[in-house]
Student: 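One structure coming up, written as structure tokens, with questions to follow.
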There are 2 protein chains.
Amino acid sequence: MREQPPSLRIAEALQQRISDQEWAPGDRLPSRAQLAQEYECTEAIVRRAQERLIAEGVLEGRAGSGTYVAAQRERLRLVRPLAREIGEQESFRTQMAALGKRGTWDSRSEGPLTAPTTVAARLGITEADYCVRTSYEYLADSKPVYLATSWEPYSMTSGSLVVLPEGGPHAGQGVVRRMAEAGVKVTRAVERANPGNANAEEAHLLGLLRGASVTRIQRTYYSSDGRAVETADIVVPAALCEIVYESTEG
Amino acid sequence: MREQPPSLRIAEALQQRISDQEWAPGDRLPSRAQLAQEYECTEAIVRRAQERLIAEGVLEGRAGSGTYVAAQRERLRLVRPLAREIGEQESFRTQMAALGKRGTWDSRSEGPLTAPTTVAARLGITEADYCVRTSYEYLADSKPVYLATSWEPYSMTSGSLVVLPEGGPHAGQGVVRRMAEAGVKVTRAVERANPGNANAEEAHLLGLLRGASVTRIQRTYYSSDGRAVETADIVVPAALCEIVYESTEG
DNA sequence: TCGAATTTGTGCGTATGTATC
DNA sequence: GGATACATACGCACAAATTCG
């Protein structure tokens, strides 16, 4: 039987004091120097202990300020819209309204441009084919809650008023309705969900710490002839949103 | 402009050599001692560089053996069964069969026992109410691919032949059909998906490294009167399975 | 306003443990 | 069982952010 390392012992001691409500969520812990003195160990050991608890989401470190008990923020329940009648934007706005929040989004379209290999594969086009890329930032009461980057083959909508997803008379109506305007009927929605970690840019946009836990959703809409009409990369931070899929019997 | 740390420079150099296909997936890299000599740095710096790439999933360290280029294993496409007509087991077996694999599962039921607070809340029962807990390990060609732990209130099925999910004449038929036998109609399915990391036990059961990326799904079935009839914690490792939600228009 | 003290974050080196061959 | 190679834990130095007089 090997004895457990000092840092693990300290981690458990800190965890216990939090469980005992000696420190409440949001409270600042004593500094590493103080804790080291209290537990008669080095600062490095306290540091490792805190790192463990930070990784578990129990603690939260703020540079220059202190180490805090993680305040479990309210997470938004994000019901994914798999039905074809409702799009990302409308679904988001409706759900936020039901929570008494204002659901809005910022977007920026670019194109025509060529898609990266992986995106081209998802759309069933070649890397030479042109696309329109639109970046979204979804906001609840003006605070960012998740990100999305959408790709549409230029050939789907070229020559119509719906080339730019967030421009023209059909702005903000979602892919499905805009595609209907272009004569394309969307009959299938697929979402592939993968766990991951936020990169520096995503963390900055969402106000998270680098490496924060996220779910990456690859969403693709298909028309009745089986062709992909749009695909999107959606980044949902675990700290802000909980992803829900549901189906109810009529 | 601050210069980048040595370990980051080495990480990019290694990444480049992998991109250049100097090392193919599955290949073993030179030892840290060799790389340190080649790049004229210390072994610790090579180690940090490799740690970065391991965290990104580019490399894979095997104690006592070496550091390898991560071979991207084939990931099983796991379409989540949201429809009420089909259960977890039947869905899994069907999907594996379509891939030419044999989909089976091990299970172990225990009860009556009381549920932890969080599970009791999901089931809408008190912590004193009894439940039956069933642990599943889903296997593709006898290799574990994901885990599930199911909780059913004892009151739902007591007195019927379906008390134990994997025992009796209705074994392996899934919650929905078994509940129908007990006179309970399931009308709503909800899955909450959260990113996380495997603990030691999960990693062992699934043959993964500790801390491997997983998606934790909380699935709950509800009956027509709004009561929860079953809830499950499902652990899907990113390395082995890709989670898919889809809806197709009739 | 500014700057020093405090506190956490990052990077690296070393010692030791453990798995593999 | 020895040699080799990666994993873990810890200590140290310095950078970055914050706080406060």
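In the text below, chain A, chain B and the rest are named by the order of the sequence lines, each starting its count at 1. Note: hydrogens, waters and symmetry copies are ignored here, and every other heavy atom, side chains too, is used.
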Student: Return the value, rounded to whole Å, for the distance between atom CZ of B:Arg32 and atom C1' of D:dA5.
Tutor: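 To the nearest whole Å, that distance equals 7 Å.
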Student: Please name all residues satisfying side chain to side chain contact (heavy atoms under 4.5 Å, CB included) with A:Ser213, sequence neighbours left out, ordered by chain then number.
Tutor: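 Applying side chain to side chain contact (heavy atoms under 4.5 Å, CB included) to A:Ser213 gives A:Ala238, B:Pro195.
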Student: Can you give each donor-acceptor pair under 3.5 Å made by side-chain atoms of residues 61-72 of chain A, sequence neighbours left out, with the distance rounded to 0.1 Å?
Tutor:
from    : atom 1 : to      : atom 2 : distance (Å)
A:Ser65 : OG     : A:Tyr68 : OH     : 2.5

Student: Taking only residues at least two apart or on different chains, which pairs with a member in residues 133-145 of chain B satisfy salt bridge (Lys or Arg N to Asp or Glu O under 4.0 Å)?
Tutor: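 Every pair satisfying salt bridge (Lys or Arg N to Asp or Glu O under 4.0 Å) with a residue in residues 133-145 of chain B: B:Glu110-B:Arg133.
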Student: Whole Å only: how far is the CG atom of B:Leu35 from the P atom of D:dA5?
Tutor: 11 Å
Student: Distance check: side-chain N/O of A:Arg62 vs OP1/OP2 of D:dA17, anything under 4.0 Å?
Tutor: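 False: A:Arg62 side-chain N/O out of range (4.0 Å or more) of D:dA17 OP1/OP2.
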Student: Take the protein atom CD of B:Gln34 and the nucleotide atom P of D:dA5, then report the distance between them rounded to whole Å.
Tutor: 7 Å
Student: Atom CZ of A:Arg47 to atom C1' of C:dT7: distance rounded to whole Å?
Tutor: 10 Å
Student: Report the distance from atom CD of B:Gln4 to atom C1' of C:dG11, rounded to the nearest whole Å.
Tutor: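 The distance from CD of B:Gln4 to C1' of C:dG11 comes to 13 Å, rounded to the nearest Å.
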Student: Measuring only between side-chain heavy atoms, which start at C-beta, is A:Leu76 closer than 4.5 Å to A:Leu240?
Tutor: no
Student: Output the single nucleotide from C:dT20, C:dG11, C:dG9 whose closest atom is nearest the side chain of B:Arg52.
Tutor: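 So the side chain of B:Arg52 is nearest to C:dG11.
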Student: I'd like to know if A:Glu242 and B:Arg192 make a salt bridge, using a cut-off of under 4.0 Å between side-chain N and carboxylate O.
Tutor: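 Between B:Arg192 and A:Glu242 there is a salt bridge, with a charged N closer than 4.0 Å to a carboxylate O.
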Student: Identify the pairs formed between an N or O of the protein and an N or O of nucleotides 12-16 of chain C at a distance under 3.5 Å, and give each distance.
Tutor:
from   : atom 1 : to      : atom 2 : distance (Å)
C:dC12 : OP1    : B:Pro6  : N      : 3.3
C:dC12 : OP1    : B:Ser7  : N      : 3.4
C:dC12 : OP2    : B:Ser7  : OG     : 2.8
C:dG13 : OP2    : B:Thr42 : OG1    : 2.4
C:dG13 : N7     : B:Arg48 : NH2    : 2.9
C:dG13 : O6     : B:Arg48 : NH2    : 2.6

Student: Rounded off to whole Å, could you give me the CG-to-P distance for the B:Leu29 and D:dA5 pair?
Tutor: 13 Å
Student: Tell me which pairs pass salt bridge (Lys or Arg N to Asp or Glu O under 4.0 Å) where either residue lies in residues 30-39 of chain B, with sequence neighbours left out.
Tutor: B:Arg17-B:Glu38
Student: For the pair made of CD in B:Glu51 and C1' in D:dA9, what is the distance, rounded to whole Å?
Tutor: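 Whole-Å distance recorded here is 12 Å.
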Student: I need the CD1-C1' distance between A:Ile54 and C:dT8, as an integer number of Å.
Tutor: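 Checked: the CD1 to C1' distance equals 9 Å.
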Student: Restricting to ring-ring contact (aromatic ring centres under 6.0 Å, His included), what partner residues turn up for B:Tyr146, sequence neighbours left out?
Tutor: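 Only B:Phe92, B:Tyr138 meet the ring-ring contact (aromatic ring centres under 6.0 Å, His included) criterion with B:Tyr146.
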Student: Counting only side-chain N and O atoms of A:Arg28, is one of them less than 4.0 Å from OP1 or OP2 of D:dT19?
Tutor: no
